[in-house]
2 protein chains.
Amino acid sequence: MVNKKKTTIKDIANVLGITPSAVSKALNDHPRISKQTKAAVLQVAENLNYQPNHIATALRKGKSNLVGVIIPRANSNFFSSIIEKIEDILNEKGYNVIITQSNESYKKECQSIEALLFTQVDGIIASMANETVKLDYYNKIKQKGIPLILFDRGENDLNVDYVGIDDYMSSHIVIEHLVEQGCKRIAHIGGFSHTRIYKNRIRGYIDALKKHKLPFNEDLMYECNLRKSDGRDIMKKLLSLPVKPDGVYISGDYAALGALEALKAHNIKVPEDIAIVGFSNEPFSEIVTPGISSIEQHSEEIGRLAAETFLNRIDNPNEPVTLNKMILEPELIIRASSKRK
Amino acid sequence: MVNKKKTTIKDIANVLGITPSAVSKALNDHPRISKQTKAAVLQVAENLNYQPNHIATALRKGKSNLVGVIIPRANSNFFSSIIEKIEDILNEKGYNVIITQSNESYKKECQSIEALLFTQVDGIIASMANETVKLDYYNKIKQKGIPLILFDRGENDLNVDYVGIDDYMSSHIVIEHLVEQGCKRIAHIGGFSHTRIYKNRIRGYIDALKKHKLPFNEDLMYECNLRKSDGRDIMKKLLSLPVKPDGVYISGDYAALGALEALKAHNIKVPEDIAIVGFSNEPFSEIVTPGISSIEQHSEEIGRLAAETFLNRIDNPNEPVTLNKMILEPELIIRASSKRK
DNA sequence: TACTTTTGTTCCAACGTTTGAACAAATATA
DNA sequence: TATATTTGTTCAAACGTTGGAACAAAAGTA
């Protein structure tokens, strides 16, 4: 049997011959309600299978207890484990999480923001699409006065909380490792430099080359969307150079996979001829042949920090919002794709 | 400047010297409101940067325009592309999608259901965790009278709409292919048989063996969680048998990856010594060495059907809910892991 | 002119919950 | 006993929107 009519606080009140407000207070464990009444209310609520109407509470309290999370794509271990952690922490505090994917599209991202604001979320935790350069929609969130926390892909200009890893340092770690393995001509397949994190990786790449007295060569650096196909196509271009690189640092494991595919097609030995290092430590990176060396970004930690920062903002609504960067240390996981020794 | 105080319908009414209900009707393009009033309201709404309070509408209308989606894990191409499609279709119809992950845990799944019901979603589209056997929480959804659509992982007992592929037939396609490649001793690493879809695949496996006059051997069949490590561990067991299999049909690509890892460690040639076929056609399956043959489940089509079925239920609330299975045809993508000829 | 219909608006109650103020009864204090 | 305090509850308004009923004014019809 389907029970369409929902039990309300009023039904409980009628059964007990008390008022709805007494019931509400009993359910919320108000100190001025007697123990007996509370017990009785709980009992009747149980019997009638009472389910509180969250929407009414939200309207009354001006708080939806919903938090929006925007990610470029769910199909990534990095993002999905961040979300898992965010959900864990926020659910425990009574929040529900609405996840939306931008699919790396600025347009979809704007729609997501619209939709989340429309749903009256209490805050937004987001990682920006690679495509995004205009910050108008993000500013809209700020203007609403609800907390906005960025992670991984952020922009300093927004002057909000940010959680991410030290991208500049990541590049240094990667280049240092490749140099140790004997690489002398290191290429970089990066994300677009208009995105802060990729810009930092590129800066890090260039500075690290300098540090190790290796020449920087424009032909060895590409910017792309870091999809598997991008990695494959750019690798092909690198292979057609008169002097090929002997090491490639790729800003994403999907692109690194694509690059490996191209190398396989050209019968080039990895890591002997060309060493490869990726980024993000996707689960497959461990098991492809050869395993892909990659930067682990400590996604759970990022998720935890993002969620806690949100909760902190909610608890301290009057604290002025400024640029507040929480930067974690990257870790290089070395695998066969770059281990020559 | 942060504008905390939100503009309401009342503010617009005050500016124009009309009543809030006139404003509401104007905004909703009510036929009895004059063109001039509508234009004026729209203008003032624009000026005051009016954003409708969705929660109030939800309370009044008894409809949240939120749809919950429960998936075992987002970190899977199959599920994330289903979600993408569901979002596409439902967003267009004014719905927002709340995605939650069960992480294959029954407990987490129950929590998700609780949370979604608490948020007053208008319906739930779900794929069950492997662990799940008790249907009490799903029955709770049914009792609430809101649409419940299952996809991929479902249970006939719930008697609701279901979208998925023909698992039984998938096994037949796989076995037929392996037999064609000359396999005579085909093992199966499957999901747990208490789950309908895995049970069907197992049934299909056994029946297909029979059909091709191959003996069914209990030692060659395992049930597991289909994680990478499960694939690896079970493959090791298969390799320790006195007579090894010459083909393995694995119900998930992650497990298939693990199996390949074990085979690699034992220097066994794929597909010559042992041919491998996986399931789900994950993106990495295409590029590992060797590429993994896999069953493509047409995830977008599943997402589309699930979303449309939900909309259909919403539009026809009085139509009685019964078992309504929409079954799609599977497609085998043949790659190096099983292509001997 | 008298009556009906149409048009454009206001009125009011409702959705389910919360919360401060008010109030009566019970208990404590002098 | 009179007064102050505490306890347990009710009252009433509010959150922002919606939509049917009511109603006056304008327009149409006989």
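By convention in this document, chain letters (A, B, ...) are assigned in the order of the sequence lines, proteins followed by strands, and residues within each chain are numbered from 1.
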For the pair made of [atom1] in [X] and [atom2] in [N], what is the distance, rounded to whole Å?
| X | N | atom1 | atom2 | value |
| --- | --- | --- | --- | --- |
| A:Lys63 | C:dT19 | NZ | C1' | 17 Å |
| A:His54 | D:dC15 | NE2 | P | 19 Å |
| A:Asn53 | C:dC15 | CG | P | 11 Å |
| A:Leu27 | C:dT19 | CG | C1' | 15 Å |
| A:Ile12 | C:dG16 | CD1 | C1' | 12 Å |
| A:Lys61 | C:dT19 | NZ | P | 5 Å |
| A:Lys6 | C:dG16 | NZ | C1' | 11 Å |
| B:Leu59 | C:dA14 | CG | C1' | 9 Å |

_Among residues at least two apart in sequence or on other chains, which ones pass ring-ring contact (aromatic ring centres under 6.0 Å, His included) with B:His30?_
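For B:His30 there are no ring-ring contact (aromatic ring centres under 6.0 Å, His included) partners, ignoring immediate neighbours.
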Using side-chain contact (heavy atoms from CB on, under 4.5 Å) as the criterion, list what pairs up with B:Val321, not counting sequence neighbours.
->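 Per chain and number, B:Val321 pairs via side-chain contact (heavy atoms from CB on, under 4.5 Å) with B:Val160, B:Arg313.
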- By side-chain contact (heavy atoms from CB on, under 4.5 Å) - contacts of B:Ala56 (at least two apart):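 Only A:Leu59, B:Asn53 meet the side-chain contact (heavy atoms from CB on, under 4.5 Å) criterion with B:Ala56.
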Please tell me whether B:Asp161 and B:Thr309 have a donor and an acceptor in their side chains that are separated by less than 3.5 angstrom.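 Distance-only check fails for B:Asp161 and B:Thr309.
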| said: Applying a 4.0 Å non-hydrogen cut-off, can you work out what A:Ser24 is touching in the nucleic acid: base, sugar-phosphate, or nothing? | reply: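 Base contact - A:Ser24 has a heavy atom under 4.0 Å of at least one base atom.
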_For residues 94-110 of chain B, which residue pairs pass the salt bridge (Lys or Arg N to Asp or Glu O under 4.0 Å) check, not counting sequence neighbours?_
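Only A:Glu87-B:Lys108, B:Arg73-B:Glu104, B:Glu104-B:Arg153 qualify under salt bridge (Lys or Arg N to Asp or Glu O under 4.0 Å).
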All N/O contacts under 3.5 Å from nucleotides 4-12 of chain D to the protein, with atom names and distances to one decimal?
from	atom 1	to	atom 2	distance (Å)
D:dG8	N7	A:Arg32	NE	2.9
D:dG8	O6	A:Arg32	NH2	2.7
D:dT9	OP1	A:Thr37	OG1	2.6
D:dT9	OP2	A:Ser34	N	3.1
D:dT9	OP2	A:Ser34	OG	3.1
D:dT9	OP2	A:Thr37	OG1	2.9
D:dT10	OP2	A:Thr19	N	3.0
D:dT10	OP2	A:Thr19	OG1	2.9
D:dT10	O4	A:Lys25	NZ	2.9
D:dC11	N4	A:Ser21	OG	2.8

Between D:dT17, C:dT17, C:dG16, which one does the side chain of A:Pro52 approach most closely?
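Closest of the options to the side chain of A:Pro52: C:dT17.
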(message) Give me each pair satisfying ring-ring contact (aromatic ring centres under 6.0 Å, His included) with a member in residues 133-154 of chain A, each pair once, sequence neighbours excluded.
(response)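 ring-ring contact (aromatic ring centres under 6.0 Å, His included) check on residues 133-154 of chain A returns no pairs.
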